[in-house]
Amino acid sequence: MAKEKKGVKIEHVSKIYQDPKTGKDFYAVHDANIDIAPGEFICLLGPSGCGKTTILRMIAGFESPDEGEIYLGGEPINELTPNKRDTAMVFQSYALLPHYNIYDNVAYGLKLRKMDDATIKRKVTNILGLVGLEGMENRMTNQLSGGQQQRVALARALVIEPGVLLIDEPLSNLDAKLRVDMRNEIRRIQQEAGITAVYVTHDQSEAMAISDQIIIMKKGVVDQIGTPHEVYYRPVDEFVADFIGESNFLRGSIIERDGQSGMATIEGSKVEVADVGKHTVGDSCVLVLRPESAVLADEGVLPCQVTLSRFMGNYQNYQVMVGDTLVKITDFNPKNHKIYEVGDRAFVKFGPKDVHVL
């Protein structure tokens, strides 16, 4: 589909805005360094105001970096206007032309490029087949569902065969079920088109489901870049661990180290750890324990008392107190497991590889 798979490289890029209330300058994006390989699907993920959309708009050319350089396919593009960049953008609002039918909306960019009618018809027909809208060419956009409008916006961006597709929170206007269906469709379309995609979202489950790599941003700074597996199981800090899924934070100190493995003390109990990172004996540490990585048992690692026990069908939801620390546990397939009730004393059980040391 794409003429050429192009990567994106962002080197020491910063964007400075002025706070309208105080008049003071602040960094919306500060010293961002990102390298996106050709054909990758990348998600920029983070809370509102973290700078993810600003990065997307700088790649598109709607904003200019105040510091640093952006490269597209090895070519510096800071000085290029949006229409001179080999990119296409799908906006959060879809930005469809209301008085045009589906065909004319999708064909719009091709007509601006003064392509002949036969070429336009072939390209539009092909792309409508890819997004599942074949046979609907004459429908007006106000007759379409949200999901169908999203497909038209995608088709309009893809039909010009850009080197890089930029997508800004495209599913925020859809209901929950349709969001899941459409994110899977977007990933399928991206893979079939073989195009590099940069996708902005604040929804961590969305990012986990469709990304090759996730770029997590915090207050204008790139906090971590990694695969969904890496950012989930090896977060670089508590912000990432808390933002991606749900985490328990067990605070203590390292009391033994033997190569990479070691022992920590948590609420007076010894906990074996497979990888202590750069910590040495005596260092304070935080162990990240995912709720699904632990179970309750009559014997285990950390003694606890159950404060919440709730049957949720495919899992039993527990909250327990380990000393002064609240620990959440998600026990999947509880049918054949012992169920602990509120007030019961038990142990939180997990293995050395189930915790990640910060």
Side-chain angles (χ1 to χ4, degrees), residues 30-31 33 45-47 50 204 207-208 213-219 221-308 315-332 337 340 344-358:
H30 188 232
D31 196 29
N33 291 280
L45 175 67
C50 70
Q204 54 93 7
M208 294 282 286
Q213 300 261 358
I214 299 175
I215 299 167
I216 301 174
M217 298 197 64
K218 175 179 66 175
K219 297 181 179 178
V221 175
V222 174
D223 202 24
Q224 183 171 1
I225 301 175
T227 65
H229 190 276
E230 287 167 346
V231 297
Y232 189 81
Y233 286 114
R234 302 191 66 82
V236 296
D237 55 27
E238 288 189 42
F239 172 80
V240 175
D242 195 43
F243 194 78
I244 297 287
E246 194 170 25
S247 293
N248 297 299
F249 299 107
L250 308 175
R251 303 179 192 281
S253 59
I254 302 297
I255 56 173
E256 294 178 24
R257 175 165 187 150
D258 181 10
Q260 276 304 109
S261 63
M263 195 79 70
T265 180
I266 304 292
E267 296 283 356
S269 296
K270 290 183 177 181
V271 176
E272 189 178 350
V273 178
D275 187 350
V276 298
K278 297 180 180 179
H279 291 289
T280 59
V281 174
D283 285 352
S284 296
C285 66
V286 177
L287 307 188
V288 179
L289 176 66
R290 297 291 185 180
E292 72 277 8
S293 296
V295 295
L296 281 187
D298 292 338
E299 295 180 350
V301 181
L302 298 173
C304 68
Q305 184 167 15
V306 179
T307 58
L308 181 145
Y315 67 94
Q316 188 78 16
N317 184 23
Y318 292 112
Q319 289 183 9
V320 303
M321 293 301 298
V322 177
D324 294 326
T325 302
L326 175 68
V327 175
K328 299 175 183 178
I329 297 173
T330 304
D331 185 359
F332 286 101
H337 297 180
Y340 293 85
D344 286 351
R345 294 197 173 275
F347 286 84
V348 182
K349 184 179 180 180
F350 53 89
K353 293 183 179 180
D354 291 324
V355 288
H356 172 64
V357 180
L358 297 178

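All residue numbers in this chain count up from 1 along the given sequence. Values below: all heavy atoms of this structure, side chains included; hydrogens, waters and symmetry mates excluded.
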Quick one: [atom1] on [X] to [atom2] on [Y], what's the gap to the nearest 0.5 Å?
| X | Y | atom1 | atom2 | answer |
| --- | --- | --- | --- | --- |
| Leu289 | Phe350 | CG | CZ | 5.5 Å |
| Ile244 | Glu230 | CD1 | CD | 12.5 Å |
| Gln319 | Ile329 | CD | CD1 | 10.0 Å |
| Leu45 | Met217 | CG | CE | 10.5 Å |
| Ser293 | His356 | OG | NE2 | 12.5 Å |
| Ser253 | Ile266 | OG | CD1 | 7.5 Å |

query = Has Arg290 got its NZ or CZ under 6.0 Å from the middle of the six-membered ring of Tyr232, at an angle within 45 degrees of the ring axis?
reply =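 So Arg290 does make the cation-pi contact.
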Any side-chain heavy atom of [X] sitting closer than 4.5 Å to one from [Y]?
| X | Y | answer |
| --- | --- | --- |
| Asn317 | Leu308 | yes |
| Asp298 | Phe347 | no |
| His279 | Val357 | yes |
| Val320 | Val348 | yes |
| Leu250 | Val271 | no |
| Cys50 | Lys219 | no |
| Asp223 | Val221 | no |

Can you name the nearest heavy-atom pair linking [X] to [Y], along with the distance?
| X | Y | value |
| --- | --- | --- |
| Val322 | Cys304 | CG2-CB, 3.8 Å |
| Phe332 | Tyr315 | CD2-CB, 3.7 Å |
| Leu287 | Ala264 | CD1-CB, 4.4 Å |
| Thr280 | Ile254 | O-CB, 3.6 Å |
| Lys278 | Asp283 | O-OD2, 4.5 Å |
| Ser269 | Leu302 | CB-CD2, 3.6 Å |

task = Might you work through the side chain to side chain contact (heavy atoms under 4.5 Å, CB included) test for Leu326 and Asn248, ending with a clear yes or no?
result = CA-CA 8 Å; Leu326 175 68; Asn248 297 299; over 6 Å; no
query = Are more than 12 heavy atoms from other residues, nucleotides or ligands located less than 6.0 Å from atom CD of Glu299?
reply =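 Atom CD in Glu299 is not packed in, count stays at 12 or less.
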task = Carefully, step by step, assess Thr325 and Arg251 under the rule side chain to side chain contact (heavy atoms under 4.5 Å, CB included).
result = CA-CA 9 Å; Thr325 302; Arg251 303 179 192 281; over 6 Å; no
Are [X] and [Y] ion-paired here, with the side-chain N under 4.0 Å from a carboxylate O?
| X | Y | answer |
| --- | --- | --- |
| Lys353 | Glu272 | no |
| Arg234 | Asp275 | yes |
| Glu246 | Lys328 | yes |

task = List the steps and the verdict of side chain to side chain contact (heavy atoms under 4.5 Å, CB included) for Ile215 and Val222.
result = CA-CA 7 Å; Ile215 299 167; Val222 174; 3.9 Å; yes
query = Judged by atom type as modelled, is there a donor-acceptor pair below 3.5 Å linking the side chain of Asp258 to the main-chain atoms of Ser261?
reply =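 Checked: no pair found.
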inquiry  = Looking at Ala241, is its backbone amide N or carbonyl O close enough to the side chain of Ser247 to form a donor-acceptor pair, meaning the two atoms are under 3.5 Å apart?
reply    =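 Yes.
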message = Once you measure the plane-to-plane angle for Phe243 and Phe239, does it fall in the parallel (<30°), tilted (30-60°) or perpendicular (>60°) bin?
response =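 The arrangement is parallel - the two ring planes meet at less than 30°.
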key: Full working for side chain to side chain contact (heavy atoms under 4.5 Å, CB included) between Phe249 and Val288   = CA-CA 5 Å; Phe249 299 107; Val288 179; 4.1 Å; yes
